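A short worksheet on the structure shown next.
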Protein chains: 2
Amino acid sequence: MPTKTYHIGVEATMEIIGGKWKSIILCHLRHHTMRTGELSRAIPQISQKMLTQQLRELEAANIVSRHVFHQVPPKVEYALTDYGESLSGILHELCVWGEDNIDRRQADGEAITLLSRDDI
Amino acid sequence: MPTKTYHIGVEATMEIIGGKWKSIILCHLRHHTMRTGELSRAIPQISQKMLTQQLRELEAANIVSRHVFHQVPPKVEYALTDYGESLSGILHELCVWGEDNIDRRQADGEAITLLSRDDI
DNA sequence: GTTGATGGTTACTTTTTGGTAAGTAGGGCA
DNA sequence: TGCCCTACTTACCAAAAAGTAACCATCAAC
């Protein structure tokens, strides 16, 4: 098997939290365990397909855990793993920096809105 | 003009530092001003086209400054702006977390290498 | 026995992103 | 005269990521 080569640490991080959805999902899970439906309500723009796909990839990277309750109708809960929690500080800063960025651009006259500034 | 809407701060951050190259470029610029050629030697996998394209986008977001020396052959230097410096802490953490992630995966038996651990 | 709730998969299409290769500029220099 | 250097641009193509829409399973309630 060919050896995977990184040139700088951030490459590996971005492979895990990069993409359009993963960091958003993680920012929500940072606060509490969530069910599939809760996540898709919290991220209304995401499709079912993308949501489960990204959750599977985060699970494979050991960032997120998946807990299936064998019930009908089904119930599945997602949470950060202990290792995933090690990203919590970074995720928080990414949220806060983004909020500040949006503020600046608004002050600059850009037509831009941030719907929820729920990051504590 | 339609108002751009974000649902959570991290969306805005990722729009700026996301993608395959931007965070890598920024991690290099974090240490010092660099010329175009230095950057492409530091990031050997990137193509000319991607390098200048990403630098232009970072410049447009006021994260990176571009200083042209009117010489022949041309000389252009890139640096973080003051605002770009506000990302420095995050970039550092992204590098460190990635280095740790690679260590774990190596310890886990994955065939994986990190070429330079130059993040201080 | 039809409907609804939840979580999920699949095939297919579109959009976005990235890669390659070639070309530009203009003075230096042999 | 013609080639080098550096930073960049452009046209074109390939690959990856994301969107759409339809479908599945299960059991409970009506």
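Just so we're clear, the structure is a prediction, and the values are computed from it rather than from any experiment. Labels below follow one simple rule: chain letters A, B, ... track the order of the sequence lines, proteins then strands, and each chain is numbered from 1.
The phosphate of dT6(C) (OP1 or OP2) has no side-chain N or O of Arg35(A) nearer than 4.0 angstrom. Between Thr52(B) and dA7(D) there is no side-chain polar atom (N or O) within less than 4.0 angstrom of OP1 or OP2.
The CE-P distance, from Met34(B) to dA7(D), rounds to 12 Å in whole Å. Computed from coordinates, the Leu51(A) CG to dT9(C) P distance equals 11 Å when rounded to whole Å. For Arg41(A) and dT6(C), the CZ to C1' distance is 10 Å, given to the nearest whole Å. The CD atom of Glu38(A) sits 17 Å away from the P atom of dA5(C) (whole-angstrom rounding). Rounded to an integer number of Å, the gap from CD1 of Ile25(A) to C1' of dG7(C) is 15 Å. Counting to the nearest Å, the P atom of dG8(C) and the CD atom of Glu57(A) are 15 Å from each other. One interatomic measurement links the two molecules: CD of Glu59(B) to P of dA7(D), which rounds to 15 Å at whole-angstrom precision. Atom pair Leu55(A):CG and dT9(C):P shows a separation of 11 Å (rounding to whole Å applied).
Under the 4.5 Å side-chain heavy-atom criterion for grouping Ile, Leu, Val, Met, Phe, Trp and Tyr, Ile102(B) is not connected to Met14(A) through any hydrophobic cluster. Linking ILVMFWY residues whenever their side-chain heavy atoms come closer than 4.5 Å, directly or via other members, places Met34(B) and Val10(A) in the same cluster.
Salt-bridge annotation for Asp100(A) and Arg104(A): present, with a side-chain N of the basic residue lying under 4.0 Å from a carboxylate O of the acidic one. Lys22(B) has a carboxylate O that lies under 4.0 Å from a charged side-chain N of Glu57(B), or vice versa, which qualifies the two as a salt bridge.
For the pair Cys95(B) and Ile8(A), the tightest heavy-atom approach, listed with the atom from each and the gap, is SG-CG1, 4.0 Å.
Here the CD1 atom belonging to Ile17(B) is positioned 12.5 Å from the CD atom belonging to Gln54(B), to the nearest 0.5 angstrom.
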Notebook entry, point to check: Tell me, for nucleotides 11-30 of chain D in 5' to 3' order, what letter each nucleotide earns: B for a base near a protein heavy atom under 4.0 Å, S for only sugar-phosphate near one, - for neither?
Noted result: B------BBB-----BB---
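Side-chain atoms of Glu15(B) and Tyr6(B) include a donor-acceptor pair closer than 3.5 Å.
Of the listed nucleotides (dT6(C), dA7(D), dT9(D)), dT9(D) has the atom at the smallest distance from the side chain of Arg56(B). For Tyr78(B), counting side-chain heavy atoms from C-beta on, the closest listed nucleotide (dT9(C), dG7(C), dC8(D)) is dC8(D).
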